[in-house]
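Data block below; observations after.
Every chain is numbered from 1 and lettered A, B, ... according to where its sequence line falls, protein lines coming before strand lines.
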There are 2 protein chains.
Amino acid sequence: MSDAVDAIIGQWVKERPDVAQDLWPVQLFARVQRLARVVEKSAKAAAAAHGVEYGEFDVLTTLQRSGPPYALTAGALLKASMVTSGAITNRIDRMEAKNLVERVRDGEDRRTIKIRLTDHGHDVTRAAFTDHLANYARLLADMDRDLITKTGDGLRQLLEALGDTGIE
Amino acid sequence: MSDAVDAIIGQWVKERPDVAQDLWPVQLFARVQRLARVVEKSAKAAAAAHGVEYGEFDVLTTLQRSGPPYALTAGALLKASMVTSGAITNRIDRMEAKNLVERVRDGEDRRTIKIRLTDHGHDVTRAAFTDHLANYARLLADMDRDLITKTGDGLRQLLEALGDTGIE
DNA sequence: TGCTTTTATCTCAACGTTGAGATTATCAAG
DNA sequence: CTTGATAATCTCAACGTTGAGATAAAAGCA
């Protein structure tokens with residue numbers, strides 16, 4: 001059996017035999033990259049069905065899983081999202097206009113603001129996340145559960161080694 | 001041992017116990033997504049050191065690994081790149097301005113154009129790809145080789161099941 | 001030959017992200 | 001207090017991508 005990445009590596013071995021022994025990370029990282037794109041494309045469609053961009057969906061779920069009172073600072077959302085500060089500001093602006101979240105000034109530190117899920121934001125998040133999980137399950141419908149677990153465990157060890165250990 | 005994704009799943013189990021049994025795909029897909037971002041960020045920096053955007057680097061390597069005569073149609077690059085047509089046109093425009101590639105009309109079919117690596121494009125690609133592999137190796141420096149192989153194999157099976165089997 | 005359909009590429013406005021810098025507030029030291 | 005340093009958020013122009021539509025050529029078919 002072979003996939004697109006096997007074909008790509010085969011091309012490199014032919015064209016760049018001088019680096020053939022350095023291609024071993026490619027079989028992992030190229031697959032991670034391709035799988036991420038396939039899954040993200042599917043997830044975007046699932047989010048769009050609920051009227052939100054994928055980046056907005058990310059903010060919604062981060063707030064919901066943080067638990068009561070469903071409010072985090074812009075800085076916390078920034079760290080959780082792996083994007084830059086301008087992107088977070090824009091996302092919050094758009095989501096505020098859609099009445100999904102609201103900006104609340106923090107009494108303690110007036111530099112910080114908290115982003116809080118509105119009731120409407122809660123409803124959208126619950127529905128969208130449920131659909132999101134159904135979509136995930138559909139993608140993996142025919143796969144062996146044990147393989148999924150083992151592969152996920154391997155990725156966890158990689159992420160730990162790369163320092164991706166906390167969500168703050 | 002635990003990583004950021006374990007923490008995220010822990011939050012969901014608490015906040016949405018009603019979907020706790022549907023979270024199993026998350027431990028895989030969330031890791032794929034996070035790892036892809038970490039690796040891509042690193043790869044972008046490696047490409048930038050050679051004066052090219054990551055998307056441009058993708059076009060360069062696709063052309064180089066295709067072998068002589070190092071020329072593909074815009075359509076072939078489109079399929080290989082997993083982006084939309086406008087993005088490919090823009091990338092080629094920018095790369096042509098940088099003298100990395102040149103557009104060549106195909107004698108047979110005047111609708112198609114071939115994108116061909118220039119000599120300069122060849123040089124940049126060789127150097128950038130060598131650095132790219134060194135960067136990959138650095139990221140995996142402390143990892144067990146067998147784990148990397150097994151995890152990559154798991155991802156291959158997933159990609160095959162999702163139909164990502166050819167590069168055309 | 002003419003007509004329609006299909007194929008390949010490009011156009012362009014809307015969109016989201018980047019990232020350096022600006023703004024405003026807090027903290028630490030004297 | 002006042003000054004300087006630090007911290008949190010926002011601003012904004014530049015950038016790359018999206019995706020529907022336009023353009024143009026080729027292929028299929030009467």
Nearest to side-chain heavy atoms of A:Arg94, which nucleotide of C:dA25, C:dT18, C:dG16: C:dG16
Sugar-phosphate only, base, or nothing, as touched by B:Gly75 at under 4.0 Å among non-hydrogen atoms: sugar-phosphate
Any donor-acceptor N or O pair under 3.5 Å, side chains B:Asp58, B:Ser81: no
Among D:dT9, D:dC10, C:dT11, the nucleotide that comes nearest once only the side chain of B:Ser85 is considered: C:dT11
Selected nucleotide, minimal atom distance to B:Ala87 side chain, candidates C:dT18, D:dA26, D:dT18: D:dT18
A:Ala74 or A:Lys44, whichever maps to the more 5' nucleotide of DNA chain D: A:Ala74
C:dT24 base / A:Arg111 side chain donor-acceptor hit below 3.5 Å: no
Below 4.0 Å: OP1/OP2 of C:dT17 and any side-chain N or O of A:Arg91: yes
Donor-acceptor side-chain pairing of B:Thr151 and A:Arg31 below 3.5 angstrom: no
C:dC10 OP1/OP2 closer than 4.0 Å to side-chain N/O of B:Arg103: yes
Residue A:Ile113, side-chain heavy atoms: nucleotide from C:dC10, C:dA8, D:dC10 that is nearest: D:dC10
Residue A:Val83, side-chain atoms from C-beta onward, closest of C:dT18, C:dT9, C:dT17: C:dT18
Same cluster (ILVMFWY, side-chain, under 4.5 Å), A:Leu117 and A:Val104: no
Whole-Å distance separating the CD1 atom of B:Ile92 from the C1' atom of D:dG16: 14 Å
Proximal nucleotide (of D:dT17, C:dT18, D:dC10) relative to the A:Thr84 side chain: C:dT18
